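Taking it in order: structure first as structure tokens, then the write-up.
These numbers were taken from a predicted model, which means no experiment stands behind them.
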Amino acid sequence: MEAKETAVNKRACKRCLTREMAGSEAYFENLYAYIAGLDDGIKADETLYEKRLEVCRECDLLFQGMCRACGCYVELRAAVARNECPYQKW
């Protein structure tokens, strides 16, 4: 019974970005390194990036850092300036 209670108490956050999920630091380290290493010519500026993530954070299609519309990690899609939301939210 104790194990079952523990599993119930550790539900995943459905409306979080990967950077906000507990225990995701090591798992998504490569994702953040990739974003940091993007060429400045294709990378969205920090203001645009954060605005995009705020829209995604409020979206019902966000699930554990992924977009259920297209399957991408929203932090990666938002980091590239020419990318857009599959539902034209940004």
Side-chain angles (χ1 to χ4, degrees):
M1 181 101 177
E2 190 173 311
K4 187 175 183 180
E5 289 175 6
T6 302
V8 171
N9 292 335
K10 292 187 177 186
R11 296 184 322 187
C13 178
K14 295 179 181 179
R15 303 284 300 276
C16 291
L17 300 171
T18 57
R19 65 185 178 187
E20 297 165 336
M21 292 188 294
S24 66
E25 296 85 18
Y27 189 75
F28 291 104
E29 185 176 305
N30 207 17
L31 173 76
Y32 301 122
Y34 179 83
I35 291 170
L38 286 173
D39 184 84
D40 287 338
I42 65 166
K43 194 174 191 178
D45 66 61
E46 191 66 25
T47 302
L48 178 60
Y49 180 67
E50 291 301 327
K51 283 182 182 179
R52 288 175 169 183
L53 293 182
E54 189 58 37
V55 171
C56 291
R57 204 177 273 114
E58 298 298 320
C59 182
D60 290 336
L61 296 171
L62 181 65
F63 183 75
Q64 297 181 345
M66 293 181 70
C67 173
R68 290 186 295 173
C70 69
C72 75
Y73 286 109
V74 297
E75 288 148 297
L76 181 56
R77 180 180 287 273
V80 177
R82 67 176 172 82
N83 285 347
E84 54 189 43
C85 169
Y87 284 94
Q88 290 77 44
K89 292 186 178 191
W90 50 260

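Residues passing the side chain to side chain contact (heavy atoms under 4.5 Å, CB included) test with K89 are V55, C59, C85, Y87, sequence neighbours excluded. Partners of L38 by side chain to side chain contact (heavy atoms under 4.5 Å, CB included), not counting sequence neighbours, listed by chain and number: Y34, I42, K43, A79, V80. When the side-chain hydrogen bond (donor to acceptor under 3.5 Å, both in side chains) test is applied to E54, the partners found at least two apart in sequence or on another chain are R57.
Taking each heavy atom of N83 and W90 in turn, the nearest pair found is O-CZ3, 3.5 Å. Taking all atoms of both residues into account, the shortest heavy-atom contact from Y32 to E75 is OH-OE2, 3.5 Å. Closest approach of A44 to R52, counting heavy atoms only: CB-NH1, 4.2 Å.
The hydrophobic cluster containing L48, built from Ile/Leu/Val/Met/Phe/Trp/Tyr side-chain heavy atoms closer than 4.5 Å, comprises no other residue.
Residue I35 is grouped with residue L62 when hydrophobic side chains (ILVMFWY) are merged at heavy-atom distances under 4.5 angstrom, including chains of intermediate members. Hydrophobic clustering (ILVMFWY, side-chain heavy atoms < 4.5 Å, transitive): L76 and Y49 are in one cluster.
Remark: D40 CG is loosely packed, at most 12 non-hydrogen atoms of other residues, nucleotides or ligands lying under 6.0 Å away.
Taking CZ of R77 as the reference point, atom CG of L53 lies at 12.5 Å (rounded to 0.5 Å).
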